[in-house]
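This chain uses plain numbering: 1 for the first residue, then up along the sequence.
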Amino acid sequence: MMREKFIEQLQTLYRQMTVMGGLCQQAIAVAVRTLEEEEETAEKLEAQVFALDGEVDDMEREIETLCTKLLLKQQPVAADLRRITAALKMVTDLERIGDQASDIAELARFIRKGGRHEHLHEMAREVIRMVSDAVEAFVHLDLEQARAVIAYDDVVDRWFNQIKSDLVEQIAADKSTGEELLDIFMVAKYLERIGDHATNLAEWVEYAQTGARSKNGHWVSPEAQATGWI
């Protein structure tokens with residue numbers, strides 16, 4: 001009976017993680033849309049991003065509470081304990097993704113509408129995909145999918161480097177646009193950070209499955225982590 005109750009609560013945890021991940025993906029997509037819309041519509045979209053970020057914060061607290069109950073009442077061991085630990089770590093990254101989507105929406109106020117932001121949209125699609133795949137990998141304990149997310153961060157980094165290079169050329173050609181282009185650079189930087197958080201999510205899936213996790217690009221064994229790395 002205790003095990004059945006634990007499995008039921010674990011399934012609830014997976015559903016909540018999926019909802020939180022979906023809110024983050026929506027917040028990113030709406031935030032980037034604010035770059036294209038005129039002021040009145042952009043303000044509504046910005047408010048929508050802030051509301052989504054608030055929902056993400058609420059989900060973080062709900063999931064932390066559920067994880068605490070699972071730890072205290074069910075006293076999980078081995079693989080079950082790693083899953084709950086991973087979830088507690090992952091919600092922190094998801095919460096930060098929501099914050100960074102809000103930062104993007106705020107910056108959009110200062111960026112000229114209708115500009116050429118194709119690369120930002122491409123980059124946003126890539127990081128949304130990473131977040132989605134990482135959360136899905138956790139729910140299904142799919143190690144191969146998690147490792148694909150980690151590898152895919154290189155794609156997002158290439159987009160960031162491309163955007164940075166393009167902006168440097170534009171500033172060199174017309175210094176009067178420098179302030180706005182720096183805001184665009186910051187949007188790209190926030191997207192790059194979201195990619196890093198998605199990578200963290202995937203690395204926690206690795207930990208949940210194997211007890212090992214990447215540190216600075218190298219896999220650390222459970223024995224090494226027992227010395228206090230986590």
**Q** Answer yes or no: is there a side-chain heavy-atom contact under 4.5 Å between Met20 and Glu55?
**A**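 No, too far: nothing below the 4.5 Å cut-off.
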
**Q** Do the side chain of Arg82 and the main chain of Tyr207 share a donor and acceptor less than 3.5 angstrom apart?
**A**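 Side chain of Arg82 to backbone of Tyr207, a donor-acceptor pair under 3.5 Å: yes, one is there.
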
**Q** Does the pair Glu206 and Leu143 meet the rule for a side chain to side chain contact (heavy atoms under 4.5 Å, CB included), with working shown?
**A** CA-CA 6 Å; Glu206 173 81 20; Leu143 195 55; 2.9 Å; yes

**Q** What are the two closest heavy atoms between Ala86 and Ala208, and how far apart are they?
**A**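 Nearest pair, atom of Ala86 first, then Ala208: CB-CB, 4.0 Å.
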
**Q** Side chains of Asp166 and Gln162 only: does a donor on one sit below 3.5 Å from an acceptor on the other?
**A**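 Looking only at side-chain atoms, Gln162 and Asp166 do form a donor-acceptor pair, the distance falling under 3.5 Å.
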
**Q** Could you tell me if the side chain of Glu36 sits less than 4.5 Å from the side chain of His121, heavy atoms only?
**A**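 Contact flag for His121/Glu36 side chains = yes.
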
**Q** Is the closest side-chain heavy-atom distance between Tyr152 and Arg129 below 4.5 Å?
**A**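 Heavy-atom side-chain distance check passes, below 4.5 Å.
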
**Q** How close do Val56 and Glu95 get, counting heavy atoms only, and between which atoms?
**A**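 Smallest interatomic distance, heavy atoms only, reads CG1-CA, 3.8 Å.
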
**Q** Would the distance check show the side chain of Thr68 and the main-chain N or O of Glu64 forming a donor-acceptor pair, the cut-off being under 3.5 Å?
**A**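 A pair under 3.5 Å: yes.
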
**Q** Taking C-beta and beyond as the side chain, do Arg125 and Glu122 meet within less than 4.5 Å on heavy atoms?
**A**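 Side chain of Arg125 against side chain of Glu122, heavy atoms only: contact under 4.5 Å found.
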
**Q** Just wondering, do Glu4 and Ile7 contact through their side chains at under 4.5 Å, heavy atoms?
**A**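 Answer no - side chains too far apart.
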
**Q** Thr12 and Arg15: side-chain donor and acceptor closer than 3.5 Å?
**A**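 Thr12 vs Arg15: donor-acceptor pair found between side chains.
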
**Q** Are Asp58 and Arg61 within salt-bridge range, i.e. N to O under 4.0 Å?
**A**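 A salt bridge links Asp58 with Arg61.
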
**Q** In sequence, state the C-alpha distance, the side-chain angles, and the governing distance for Gln100 and His197, and then conclude on side chain to side chain contact (heavy atoms under 4.5 Å, CB included).
**A** CA-CA 10 Å; Gln100 284 157 0; His197 286 302; 3.3 Å; yes

**Q** Taking all non-hydrogen atoms of both residues, which atom of Ala87 and which atom of Cys67 are closest, and how far apart?
**A**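 Closest pair (atom of Ala87, atom of Cys67, distance): CB-SG, 4.0 Å.
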
**Q** If you measure from the Lys or Arg side-chain nitrogens to the Asp or Glu carboxylate oxygens, is any gap between Arg147 and Glu144 under 4.0 Å?
**A**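 Salt bridge flag = no for Glu144 with Arg147.
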
**Q** Please report the closest heavy-atom contact between Ala108 and Thr34, naming both atoms and the distance.
**A**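 For Ala108 versus Thr34, the nearest heavy atoms are CB-OG1, 3.0 Å.
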
**Q** Please check if the side chain of Asn161 supplies one atom and the backbone of Asp157 the other of a donor-acceptor pair under 3.5 Å.
**A**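 Yes; at least one donor-acceptor contact below 3.5 Å.
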
**Q** Is there a donor-acceptor pair under 3.5 Å between the side chain of Gln170 and the backbone N or O of Leu181?
**A**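 It does not hold such a pair.
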
**Q** Taking side chain as C-beta onward, heavy atoms only, is Phe138 less than 4.5 Å from Thr18?
**A**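 No; the side chains remain at least 4.5 Å from each other.
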
**Q** Tell me, with the steps shown, if Val30 and Gln26 meet side chain to side chain contact (heavy atoms under 4.5 Å, CB included).
**A** CA-CA 6 Å; Val30 176; Gln26 190 178 352; 4.3 Å; yes

**Q** Taking Glu106 for the side chain and Ser102 for the main chain, is one N or O donor matched with an acceptor at less than 3.5 Å?
**A**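 Absent.
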
**Q** Can you confirm whether Leu120 sits close enough to Trp159 that some side-chain heavy atom of one is under 4.5 Å from a side-chain heavy atom of the other?
**A**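 No - every pair of side-chain heavy atoms lies 4.5 Å or more apart.
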
**Q** Would you say Leu141 ends up clustered with Leu201 if hydrophobic residues are merged whenever their side chains have heavy atoms under 4.5 Å apart, either directly or through other cluster members?
**A**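 Yes; Leu141 is reachable from Leu201 via cluster members.
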
**Q** Nearest heavy-atom pair of Cys24 and Gly98: which atoms, and what distance?
**A**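 So the minimum-distance heavy-atom pair works out to SG-N, 4.3 Å.
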
**Q** Not counting sequence neighbours, which residues clear side-chain contact (heavy atoms from CB on, under 4.5 Å) with Leu71? List them please.
**A**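 Leu71: side-chain contact (heavy atoms from CB on, under 4.5 Å) contacts with Pro76, Leu81, Ile84, Leu88.
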
**Q** Do you know the tightest heavy-atom contact between Ala146 and Ala137?
**A**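 Of all heavy-atom pairs spanning Ala146 and Ala137, the closest is N-CB, 3.8 Å.
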
**Q** Report yes if the side chains of Ile28 and Leu191 come closer than 4.5 Å at any heavy-atom pair, otherwise no.
**A**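 Counting from C-beta outward, Ile28 and Leu191 do come under 4.5 Å.
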
**Q** Please step through side chain to side chain contact (heavy atoms under 4.5 Å, CB included) for the pair Met123 and Ile163, ending with a clear verdict.
**A** CA-CA 9 Å; Met123 193 175 178; Ile163 291 169; 3.8 Å; yes

**Q** Report the residues that fulfil ring pair (Phe, Tyr, Trp, His ring centres under 6.0 Å) with Phe185, sequence neighbours left out, ordered by chain and then residue number.
**A**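 Once residues adjacent in sequence are excluded, the partners of Phe185 under the ring pair (Phe, Tyr, Trp, His ring centres under 6.0 Å) criterion are Phe160.
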
**Q** Suppose we screen for side-chain contact (heavy atoms from CB on, under 4.5 Å). Which residues come up paired with Val168, at least two apart in sequence or across chains?
**A**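 For Val168, no residue satisfies side-chain contact (heavy atoms from CB on, under 4.5 Å) once neighbours in sequence are set aside.
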
**Q** Can Glu192 and Lys189 be counted as an ion pair, charged N to O under 4.0 angstrom?
**A**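 Between Lys189 and Glu192 there is a salt bridge, with a charged N closer than 4.0 Å to a carboxylate O.
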
